[in-house]
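Residue numbers run from 1 in the order of the sequence given. The figures here come from the full heavy-atom set of this structure, side chains too, leaving out hydrogens, waters and symmetry mates.
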Amino acid sequence: MQDSLITYEQLREVFGGSSTAEVVVRLESQDIPYKLGKRGCPITTFSALNHAMGITSNESPIIKEHTPTIEIE
C-alpha cells in the first residue's frame with residue numbers, strides 16, 4: 001500500500017501558521033497524526049489527514065497536487 005506525504009510547506013498552506021510550533025498545535029487540535037521530519041518540521045500523509053476529517057479513501061483528497069510517495073507497511 002502506498003500513501004503520499006503532505007509536506008510541512010503544504011501543511012502551512014492548508015492550516016496556516018508562521019512557525020513549526022503553530023502548525024503542530026493546529027494538527028494536534030484537529031487530532032491529525034504527524035511525525036517530525038529531518039528539520040524538525042511536521043509531516044503527515046493523505047490517509048492520516050483524510051481519516052481525521054472523516055473522508056473515505058474513495059473520495060478526493062483535499063490536497064490534489066502530486067507529492068512524493070512512500071511505502072507504508
Q: With sequence neighbours excluded, tell me which residues meet side chain to side chain contact (heavy atoms under 4.5 Å, CB included) with E9.
A: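 E9 satisfies side chain to side chain contact (heavy atoms under 4.5 Å, CB included) with T7, R39 only.
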Q: Side-chain heavy atoms nearer than 4.5 Å, only ILVMFWY residues, links allowed to pass through others: does that put V14 and L36 together?
A: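 V14 clusters together with L36.
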Q: Testing the basics here: between T20 and G40, what is the closest heavy-atom pair and its distance to 0.1 Å?
A: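 What the structure gives for the nearest pair is CG2-O, 3.5 Å.
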Q: List the atom of T44, the atom of P33, and the distance in Å for their closest heavy-atom pair.
A: OG1-O, 2.6 Å
Q: Provide the closest heavy-atom pair for V23 versus R12 in the form atom of the first, atom of the second, distance.
A: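 So the minimum-distance heavy-atom pair works out to CG2-CG, 3.4 Å.
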Q: Looking at L11 and I43, what are the two nearest heavy atoms and their distance?
A: CD1-CA, 4.1 Å
Q: Output the distance between atom CD1 (I55) and atom CG (N50), rounded to the nearest 0.5 Å.
A: 4.5 Å
Q: To the nearest 0.5 Å, what is the distance between NE2 (H51) and OG1 (T45)?
A: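 Between H51 NE2 and T45 OG1, I get 10.5 Å after rounding to 0.5 Å.
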Q: Which pairs pass salt bridge (Lys or Arg N to Asp or Glu O under 4.0 Å) with one or both residues in residues 18-34, sequence neighbours excluded?
A: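 Passing the test, one end in residues 18-34: no pairs.
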Q: OH/Y34 to CD1/I6 distance, rounded to the nearest 0.5 angstrom?
A: 15.0 Å
Q: Side-chain contact, heavy-atom cut-off 4.5 Å: V24 with F15?
A: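 No, every pair of side-chain atoms sits at 4.5 Å or beyond.
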